[in-house]
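Keep in mind it's a predicted model, so treat the numbers as computed, not measured.
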Amino acid sequence: MDSSKLIVEEETELLALHRVLLEAKFNLSPSDNQIQASPFTAALAQRVLRTIVGLQSATDVNKIERWSNWLEQKKDWIWERCLSYMLRNQPSHWIRMDYVTKRDYVQWLFSPYALHEEDVERFIDEVEKYRQAIEKGHPSFLRSFGNATDAILDDLEQKINRKLPQGYRTYLRNHNGGKVLVHYCTFAVEELNEIIPLHVIFGVQVEKRYDLAYWNMFKDEFPTGHILIGEAAAGGKILMDDLERIYYWRDMDYDDPTRNEGLYKVADNFDAFQRTWKRMIKTM
């Protein structure tokens, strides 16, 4: 046997290798930044997945569609991690690359997911937009959900039976919340002497798990007199009162969650809350 070859014969070994490659390529805090966009890692990730699909579909042809659906469902997850990677570790020669080279680089980054050409263009445009903001000294911490019209916001106020503070309403009109763009975005809770990682600021008429109207249906599950506007990565929630003051709420098993237990003020208004956001670089 040629000692220079690695032979993986068992399906369980292939599946384990597949999981290891995904973890290595899309880790938010990699110890080796060269792995994620390496053409060699990209080719290996594609080859391993093709081998698994070929092996399993030999006995069940439906596995081809199931794996295709699984990979498509991973698209947004992969996209977010690739965007975060590019904004934290963009190669120094990126601005000198021609479009063909950038296209290849992006495909290596996303592998084993294969982007359509229009998605490659969209990803490159998104990277350039955020990079230009960073270069101008205006870093973006959230990947915006878009914007909300006055009609949409009026409808939200009716659904939650509350008027939105004007400053927060303006924010939703311009940005409509968003998910953390560069991991990790943090804010301080001085009363706890803790730094809290932010996960998402909820938006309007977006995916249910990030939707303001959906979360504020459960009024008996968080402190009375507040709007639930976001979530911390550690599981706590971001709340706002009628005066637009912002609070961090430790989401725990309280006997009566409508009381103000575990509620800590972090800012006088939403704009001030945004100014507290800091980028934390995780090191080992």
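- Around atom CG of Asn69, more than 12 heavy atoms belonging to other residues, nucleotides or ligands sit under 6.0 Å away.
- The list of salt bridge (charged side-chain N to carboxylate O under 4.0 Å, His left out) pairs with a residue in residues 49-69, not counting sequence neighbours, reads Asp60-Arg66.
- Checked by atom type and distance alone, the side chain of Ser144 pairs as donor or acceptor with a backbone atom of His175 at under 3.5 Å.
- At distances below 3.5 Å, not a single donor-acceptor pair connects side-chain atoms of Trp277 with backbone N or O atoms of Leu198.
- Shortest non-hydrogen contact noted between Leu14 and Leu55 is CD1-CD2, 4.1 Å.
- Considering only heavy atoms from C-beta on, Leu172 comes within 4.5 Å of Leu212 through its side chain.
- Within 6.0 Å of CG on Leu243 lie more than 12 heavy atoms contributed by other residues, nucleotides or ligands.
- Scored by the salt bridge (charged side-chain N to carboxylate O under 4.0 Å, His left out) test, Glu207 finds Arg209 as partners (sequence neighbours excluded).
- The OG atom of Ser84 lies 11.5 Å from the NZ atom of Lys179; values are rounded to the nearest 0.5 Å.
- Taking Asn147 as the reference, nothing meets the side chain to side chain donor-acceptor pair (under 3.5 Å) condition, with sequence neighbours excluded.
- Residue pairs meeting the side-chain hydrogen bond (donor to acceptor under 3.5 Å, both in side chains) criterion with at least one member in residues 223-234, sequence neighbours excluded, are Glu231-Lys237.
- A distance-only check finds no donor-acceptor pair linking the side chain of Ser111 to the backbone of Tyr113 [under 3.5 Å].
- Minimum interatomic distance between Asp211 and Gln205 (heavy atoms only, all atoms of both residues): OD1-N, 2.8 Å.
- The aromatic ring centroids of Phe273 and Phe187 lie less than 6.0 Å from each other.
- Taking the six-membered ring where the residue is Trp, the centroids of Tyr214 and Phe218 are separated by under 6.0 Å.
- Side-chain contact between Met240 and Pro165 is present, with at least one heavy-atom pair separated by less than 4.5 Å.
- With contacts defined as side-chain heavy-atom distances shorter than 4.5 Å, the pair Val180/Val200 does not qualify.
- The distance from atom CG of Asp76 to atom NZ of Lys74, rounded to the nearest 0.5 Å, is 11.5 Å.
- Residues Val189 and Lys265 form no side-chain contact, since every pair of their non-hydrogen atoms from C-beta on lies 4.5 Å or further apart.
- Contact check on Arg245 versus Asp242 returns no salt bridge, with no Lys/Arg side-chain nitrogen under 4.0 Å from an Asp/Glu carboxylate oxygen.
- In terms of modelled atom types and a separation under 3.5 Å, the side chain of Lys25 and the main chain of Ala37 share no donor-acceptor contact.
- Within the 4.5 Å cutoff, side-chain heavy atoms of Tyr99 are placed close to those of Glu121.
- Remark: side-chain polar atoms of Asp119 are not paired, donor with acceptor, to backbone N or O of Leu115 under 3.5 angstrom.
- Atom OH of Tyr210 is separated from atom CD1 of Ile201 by 12.5 Å, given to the nearest 0.5 angstrom.
- Between Ile78 atom CD1 and Leu83 atom CG the span is 13.5 Å, to the nearest 0.5 Å.
- Ring geometry, Tyr171 versus Tyr168: the interplanar angle falls under 30°, so the pair is classed parallel (tilted spans 30 to 60°).
- Sorted by first then second residue, the salt bridge (charged side-chain N to carboxylate O under 4.0 Å, His left out) pairs that include residues 139-158, not counting sequence neighbours, are Glu126-Arg143, Asp150-Arg169, Asp150-Arg173, Asp154-Arg169, Asp155-Lys159, Glu157-Lys163, Glu157-Arg169.
- Environment of CZ in Arg47: sparse, with no more than 12 heavy atoms of neighbouring residues, nucleotides or ligands closer than 6.0 Å.
- In this structure, Thr101 contributes its side chain and Met97 its backbone to no donor-acceptor pair below 3.5 Å.
- Asp125 CG: more than 12 foreign heavy atoms inside a 6.0 Å radius.
- Ring centroid separation for the pair Trp79 and Phe123 comes in under the 6.0 Å cut-off.
- Under a 4.0 Å N-O distance rule, the pair Asp98/Lys102 does not qualify as a salt bridge.
- Put simply, the side chain of Leu21 reaches to within 4.5 Å of the side chain of Leu17, judged on heavy atoms.
- You'll find the side chain of Ile238 reaches within 4.5 Å of the side chain of Ile246, heavy atoms only.
- From Ile227, atom CD1 reaches atom CG of Asn216 across 6.5 Å, with rounding to the nearest 0.5 Å.
- The ring of Phe202 has its center closer than 6.0 angstrom to the ring center of Trp215.
- Remark: Glu11 CD is packed, more than 12 non-hydrogen atoms of other residues, nucleotides or ligands lying under 6.0 Å away.
- Residues meeting the ring-ring contact (aromatic ring centres under 6.0 Å, His included) test with Tyr130, sequence neighbours left out: none.
- Arg250 and Glu194 are joined by a salt bridge, as a carboxylate oxygen and a charged side-chain nitrogen come within less than 4.0 angstrom of each other.
- Judged purely by atom type and a 3.5 angstrom limit, Glu80 has no side-chain atom pairing as donor or acceptor with the backbone of Leu181.
- Between atom CG of residue Leu239 and atom CG of residue Leu228 there is a gap of 4.5 Å, rounded to the nearest 0.5 Å.
- Heavy atoms from other residues, nucleotides or ligands lying under 6.0 Å from CD of Glu190 number 12 at most.
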